[in-house]
Amino acid sequence: MTNAAAPNAALERYNAKDAEPRWQQAWSEAGIFTTPNDDPRPKYYVLEMFPYPSGRIHMGHVRNYAMGDVVARYKRARGFNVLHPMGWDAFGLPAENAAMERKVNPRDWTYANIATMRGQLQSMGLSLDWSREIATCDPAYYKHQQRMFLEFLKAGLVTRRTAKVNWDPVDHTVLANEQVIDGRGWRSGALVESRELTQWFFKITDFAQDLSDALGGLERWPEKVRLMQRNWIGRSEGLEVRFALDHPVGTQDLIETIKVYTTRPDTLFGAKFLAIAADHPVAAALAGHDARLQAFIEECRRTGTAQAAIDTAEKLGHDTGLRVRHPLDPSWLLPVYVANFVLMEYGTGAVFGCPAHDQRDLDFSNKYGLGNTPVVCPEDQDAASFLITDTAYDGDGRMINSRFLDDMTTEEAFRAVADRLEEERLGGAPVAARKVQFRLRDWGVSRQRYWGCPIPIIHCADCGAVPVPVADLPVTLPEEVSFDVPGNPLERDHAWRNVPCPACGKPARRETDTMDTFVDSSWYYARFTAPWLQDAPTDRAAVDHWLAVDQYIGGIEHAILHLLYARFFMRAMKETGWSGVAEPFAGLFTQGMVVHETYKDAAGAWVQPSEVRIEAQGAERQAFHVKTQAPISIGAIEKMSKSKKNVVDPDDIIASYGADTARWFMLSDSPPERDVIWTEEGVQGAARFVQRVWRLVATAAGANGSDAAAGAALRKAAHKALASVEEDVERLRFNRCVAHIYTLANALEEALRNGVPAKAAGEAAGILVQLIAPMMPHLSEECWRALGRTGLVAQAPWPQADRALLIEDEVTLPVQINGKKRADVTVPREAGAAAVEAAVLALEPVQRALEGRTPRKVIVVPGRIVNLVV
RNA sequence: GCGGACGUGGCGAAACCGGUAGACGCACGAGACUUAAAAUCUUGCGGCCGUGAGGCUGUGCGGGUUCGAGUCCCGCCGUCCGCACCA
């Protein structure tokens, strides 16, 4: 038998190095990825989270952008006007670190990185509209951000107040919580101090309810992300209750009540104490003439922010000696403690303690001997004997020991208490009010840094914080900066800082804080819709046309902050007229990481993969150093990181295998939301498939067999693969697409071997080439030309699957007897249950297995299965 | 502690509404081609028994529902992720 699929001796290997730049240039010259805003076709906006220009792209980027590009190219072929832009999240700390370490200008460093990374992305062959490229550090971008900041301020969405920050006394800078490690600055190693600074805040809490509610409508977001956001926003329903002090505190403004927030007013008769935060006004008022209280408050402040301290800290309190009256029984007095576990930032900064039904309150009560009274009895417990010792009961049940609430459910008791206390008056006002509370805090955006978007405010001794007039925007960063001295260079740049007040003209000073870089990334996707606009952040027609982003793709690490901030920002832009859309991302996909084996030498030092040679003896794998031949131990599979040296540089892969191979491997194997393990074998497998496609297509182009049955079978396989790939691309299940394509390649190979006619071979090869086009675009173009097709695959419409070919005339059903498979039966697709049953009973293996018995029951699930019960 | 996800061959995985468990790929074994290697092609590949036809068994563990369970229910075990003094 001649081997028709065997490579022609004259056939050259596919040369990615030669082909890839050639097709990239062809696409560029044809301008096919430049997207017009006024195209009549339906729009599709696909976006991957834009990168921080750290220096070079890494495999995580390759995976992210390969996925986005599949969607973009597929949707384009399906007739959509696709927007697929790219930009740079270009402000941020690493540029300042580079400036300090290498004496380079942050701007120069950033733009050099952008140039490198742009080249790398272009070598991947991504179908991006580079004409819309933006960098957030460009004044042409951030001037609009400054303008919106001022408009948000005017609209009451920005506020200024003091807040506690982590202060690094060595670097003279504020640290984010993530930058504080074991209570020390991550760079300086200095003990971090808690400082009160005046800061700018975006009032994200104004939208807390809507941000939470609208999650329900984000059907194309992962449930996990919606849940994380919902928990982060942390909505709770409760009651604010005022407790009357038995005598007022304070010197000038007398404080007569303490307001408490509770989600469990039903347990009010179980109250044993009140606890207030160390920063509570009552504590402050008392501390003046109570030295021990003063000392206690200071101790609380010291253990404040550090995460580890919170985990281990004991519940501590200080009895103020004050007493409050129980709101449901004025003769009942409760002690008031200052406690280290009560947060001033949440609720009212005061809680009532119900030890029987809250573990923390119980721990506290047991420590200070305050006792407990169970007031909720679980349904399966006897009220008379129900006791609490050291485990609180926080579930539902029947009310006990609770006077007029007895025998109610917890829910009924909640309502009864709320209803009664809302009616009662204390000092002219109701004792209690129902209240919805959120865990979400306002978004502090002030950063004491140079490399960020300047906050466009001028501080004047007479006029206060004065907005920079819009005509004066942008407030640009000074170009000449030095990082020789710790602290923010903007503070030291007097020429930049000292300006006249825009309101009164007297000497004033600029705000030297810059904005959190999350602000930059909160609206870039909107800017992409009309990045050429000079006088406005957005064009309403463009932004309303393109948004929401149809498919947003990025890492799970942005599940909360970035995605929540962007959702806030869109709402704020809607209020100020820059968008008609409130939700930025209709579809969200969070992809997994790229992980790799780790390697260590005998001395325990990490060794990078390129220096390791793996030998396999059967299933055993052994590693050796390529130069010294010394044995290397193979360690855990972990996220690629420089510190563990388990990184593979995309440039190296593209140089040795080509971009298509890298893209194909990234999309194969693992489901996209899971981590993918980068292996040399896997890349080689992908590279083999590239050559195999090339061979198959070349062979198919010359096919001239005459086996009609082989042709029919191949047509069926091709159209099946087409329909399956469509379905799985739409659901972003790229690993399944890859499997369908392999199946088609196998079918094509078999058909060629069997002498398939030219027409069927050409059709199937054409479909194969179009199926791989979104994933391996360069190879696809090269194959397209080899098949003699004209134009670019990138511009070709998606082929139409012939549905008639997908329906089989005959179906083969498994036949089970008592749930165990015993035979197969092949019947016409339309065969009725009776016909199927007759066919099954006629089967020899069935008769044998029945051993003369008659089935008690015959279950025929059409098109699925037959089960005989005996 | 609270919340969530997951657990399938040597490995990555597939299995849509409960209907043939392991598609597709990687690794590995056998063979062909080759002086040889690479590449390529053919073929095998969950485990156990059997020359074979075939049989038994198998989706973390233990129960249950069902004609039928990887899938549904209950109880464990393990891994990963998020939040964490939130009243």
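Chain letters run A, B, ... following the sequence lines, proteins first and then strands; every chain starts at 1. Since the model is a prediction, treat every value here as computed from it, not as a measurement.
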Does a side-chain N or O of [X] approach OP1 or OP2 of [N] to a distance below 4.0 Å, or not?
X        : N      : value
A:Tyr346 : B:rA87 : yes
A:Arg733 : B:rA14 : no
A:Arg695 : B:rC41 : yes
A:Arg731 : B:rC16 : no
A:Arg822 : B:rG55 : yes
A:Arg360 : B:rC86 : yes
A:Arg688 : B:rC26 : yes
A:Lys820 : B:rU57 : yes
A:Arg674 : B:rA14 : yes

Provide the distance between the two P atoms, one in B:rG19 and one in B:rA87, to the nearest whole Å.
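After rounding to an integer number of Å, I get 42 Å for this pair.
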
For the pair made of [atom1] in [X] and [atom2] in [N], what is the distance, rounded to whole Å?
X        : N      : atom1 : atom2 : result
A:Trp232 : B:rC86 : CH2   : C1'   : 12 Å
A:Asp669 : B:rA27 : CG    : C1'   : 12 Å
A:Asn735 : B:rA13 : CG    : P     : 9 Å
A:Arg692 : B:rA39 : CZ    : P     : 15 Å
A:Ile634 : B:rA27 : CD1   : P     : 15 Å

Are there runs of at least three consecutive Watson-Crick or G-U pairs touching RNA chain B, with each pair's two distances under 3.5 angstrom? Give them by first number.
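The stems are B:1-7 with B:77-83, B:10-12 with B:24-26, B:28-32 with B:40-44, B:46-49 with B:54-57, B:60-64 with B:72-76.
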
Heavy atoms only, 4.0 Å cut-off, all strands: where does A:Asp361 land among base, sugar-phosphate and nothing?
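It contacts nothing in the nucleic acid.
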
What about A:Arg441, does its side chain sit under 3.5 Å from the base of B:rC86 through a donor-acceptor pair?
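Checked by distance alone, the answer is yes.
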
Run A:Trp678 and A:Phe665 through ring-ring contact (aromatic ring centres under 6.0 Å, His included) and show every step you take.
CA-CA 8 Å; A:Trp678 184 274; A:Phe665 177 54; 4.9 Å; yes

So, [X] versus [Y]: side-chain donor-acceptor pair below 3.5 Å or not?
X        : Y        : value
A:Tyr261 : A:Ser236 : yes
A:Arg235 : A:Gln437 : no
A:Asn746 : A:Glu750 : no

Where the side chain of A:Gln359 meets the backbone of A:Asp390, is there a donor-acceptor pair that is under 3.5 Å apart?
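Yes, A:Gln359 side chain to A:Asp390 backbone: donor-acceptor pair under 3.5 Å.
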
Between A:Trp694 and A:Arg13, is there a cation-pi geometry (under 6.0 Å to ring centre, at most 45° from the normal)?
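Verdict for A:Trp694: no cation-pi partner in A:Arg13.
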
